[in-house]
Every structure is written in C-alpha cells, then in structure tokens.
Amino acid sequence: DKGTPSKSKTGKIKLEKFNGTTPIEAYLIKFETAAKHNGWSDDDRLSQMTCLLSGAAEQLLWDRGDGGVNTWEQLVQLLRDRYGSGSQQVLNLTKLQSRRRGDGESLTELAQGIRRLMILTYPGVQGRMHEDVATEHFLRALGDVKMAIRIKEREPKTLDETLRIAMKLEALELSASATENKDKLSD
C-alpha cells in the first residue's frame, strides 16, 4: 500500500515517496509516526521529507529558488499551502455538493467517497453536525428521492447508520423486484 509505513530489517520505519496525489494531512500523520518511531529531530525530518518528495511535489523545492527550504516547519507549511485541504477547500466542497452515485457503484463505495470528501472539505471537524452534513450529502448523492425519504423517516444519526439503512432498503427492493419478475414469468 503506497504511503503505508513498513518496518525494515533494522526496525526503522520506511515511508513511500510523496508525489502530491494523496492528501498531505494523511501523509504527514504517517510521516510523524515514522519520525517518532525512528527518533528523528526536526533537521532529520527536513532531510527525510526532502528526499521523499517526488514528481510534482519535488517541484516545490525548485520553486523556492536559491533560498531553499531551511526548516522542517517551513517545509510542512509549504506542503500544506500547496497540497493541503485549505487551498483546495472550495474545490472539495464543489465535489462534495455535486457527488452522485455512479453506475455500478456500491452504497459502501458511495459512503466512503462522501466521508473522504467531508474530511478533505472540513478537516478536523467531527461530531453530530459533521454526521448530519455527511448524511445529507449521501442522501442527495443517492439520486433516488423515494429511498432518501424512506431513510430519513428512520432518523439515522450517523452516516454509518444511514448506510446500513440504505443497504437494507436496497436489498429489500432487489428482492421484491426479483420476486415480481419471477411471478410475471410464471403467469
């Protein structure tokens, strides 16, 4: 799995390179885990992260010119400015608002996509309001108003609960549809 820390033979944790295509906050959590485990100082962190940058993310070092990046804090700020959710919050909100269930997409995949966009759009926000907003986006993304109303009638409190209800209703609808088709064939 790209970006997942793995123990090397010496007991040190090694990280995959960062190319800017994965969320920076998730990568920084893994990086900090490895840094603590490996006992890195801030200078070590700066050296390690500099060597782990690749592709478009590596360009960040060139963009700094002769001044370079001199501290760990400076590098983290540059990465967050370029790849963090703050700079892409409007884009992520637009994606969240326009998200619709794709052909052949499972309800679980839809919920995971909504949760991912919620985290990118509202980093660090949790609690009841977060779950309510995620649930509303999920219900809109279903593209099935009748099913959304049936789910709302059950007053789910979380996105996970909403997902369970949606899966149950979808299974019941598929079963009823199969029975109806079977009955028509036997007539």
Side-chain angles (χ1 to χ4, degrees), residues 1-7 15-34 54-57 79-187:
D1 179 41
K2 293 277 183 201
T4 302
S6 63
K7 283 258 189 178
L15 290 162
E16 297 292 329
K17 292 191 175 283
F18 178 76
N19 63 12
T21 60
T22 58
I24 187 61
E25 293 303 326
Y27 189 83
L28 287 173
I29 289 170
K30 291 177 184 179
F31 186 91
E32 278 303 316
T33 300
S54 69
L79 288 166
R80 283 185 169 139
D81 288 348
R82 179 152 314 166
Y83 299 107
S85 61
S87 63
Q88 298 188 9
Q89 200 163 12
V90 173
L91 173 64
N92 290 323
L93 178 58
T94 302
K95 287 180 180 179
L96 183 61
Q97 291 171 334
S98 62
R99 179 73 160 86
R100 296 296 177 266
R101 186 178 186 187
D103 291 337
E105 183 178 26
S106 73
L107 291 168
T108 301
E109 291 167 333
L110 176 61
Q112 288 171 341
I114 295 292
R115 190 165 305 284
R116 179 182 164 279
L117 286 169
M118 285 291 296
I119 290 167
L120 292 172
T121 305
Y122 307 108
V125 177
Q126 296 177 348
R128 179 64 194 257
M129 180 64 82
H130 187 267
E131 290 294 326
D132 288 347
V133 172
T135 296
E136 284 303 315
H137 284 293
F138 177 82
L139 293 173
R140 186 179 314 119
L142 281 175
D144 184 338
V145 175
K146 289 179 182 178
M147 180 183 272
I149 290 170
R150 290 173 62 197
I151 293 168
K152 280 184 177 187
E153 287 173 345
R154 296 178 186 202
E155 300 179 4
K157 304 224 182 321
T158 66
L159 179 57
D160 289 336
E161 191 177 335
T162 304
L163 173 61
R164 281 192 296 279
I165 294 167
M167 290 172 69
K168 183 181 258 185
L169 290 175
E170 187 172 78
L172 289 171
E173 285 180 9
L174 287 171
S175 176
S177 178
T179 301
E180 187 177 295
N181 288 339
K182 185 178 174 185
D183 289 346
K184 284 182 182 178
L185 290 175
S186 63
D187 284 345

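Note that the coordinates shown come from a computational prediction; the quantities given were computed from them, not determined experimentally. We use all heavy atoms of the structure for the numbers below, so side chains are in, but hydrogens, waters and symmetry mates are not.
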Quiz item: Is any side-chain heavy atom of Thr108 closer than 4.5 Å to a side-chain heavy atom of Met167?
Solution: yes
Exercise. Check whether any side-chain N or O of Glu161 sits under 3.5 Å from a backbone N or O of Lys157 as a donor-acceptor pair, and report yes or no.
Key: yes
Exercise. Any chance you could measure Met118, atom CE, to Arg99, atom CZ, to the nearest 0.5 Å?
Key: 13.5 Å
Quiz item: Which atom names give the shortest non-hydrogen contact between Gly20 and Ala57, and what distance separates them?
Solution: N-CB, 3.9 Å
Quiz item: Once you round to the nearest 0.5 Å, how far does CD of Glu105 lie from CG of Leu142?
Solution: 10.0 Å
Quiz prompt | Side chains of Leu28 and Arg80 in contact at under 4.5 Å (non-hydrogen atoms) | solution = yes
Quiz item: Taking Tyr27 for the side chain and Glu16 for the main chain, is one N or O donor matched with an acceptor at less than 3.5 Å?
Solution: yes
Quiz item: For the atom pair CZ (Arg115) and CG (Leu159), what is the distance rounded to the nearest 0.5 Å?
Solution: 4.5 Å
Quiz item: Just wondering, do Arg140 and Arg100 contact through their side chains at under 4.5 Å, heavy atoms?
Solution: yes
Self-check item: Spacing of Leu107 atom CG and Gln112 atom CD [to the nearest 0.5 Å]
Solution: 11.0 Å
Quiz item: Are the charged groups of Asp160 and Arg164 less than 4.0 angstrom apart, N to O?
Solution: no
Practice problem: Calculate, to the nearest 0.5 Å, the distance between atoms OG1 and CD1 belonging to Thr135 and Ile114 respectively. | Solution: 10.0 Å
Practice problem: Assess the pair Phe18 and Phe31: is the distance between their ring centroids shorter than 6.0 Å? | Solution: no
Self-check item: Candidate pair Arg101 and Asp144, rule side-chain contact (heavy atoms from CB on, under 4.5 Å), full reasoning
Solution: CA-CA 10 Å; Arg101 186 178 186 187; Asp144 184 338; over 6 Å; no
Quiz item: To the nearest 0.5 Å, how far apart are CD in Glu25 and CD1 in Ile29?
Solution: 7.0 Å
Could you go through residues 146-153 and list every donor-acceptor pair under 3.5 Å that involves a side-chain atom there, pairing it with any protein atom two or more places apart or in another chain?
residue, atom, partner, partner atom, Å
Arg150, NH1, Glu173, OE2, 2.9
Lys152, NZ, Glu136, OE1, 3.4

Exercise. Given side-chain contact (heavy atoms from CB on, under 4.5 Å), test Lys30 with Thr22 step by step and report yes or no.
Key: CA-CA 12 Å; Lys30 291 177 184 179; Thr22 58; over 6 Å; no
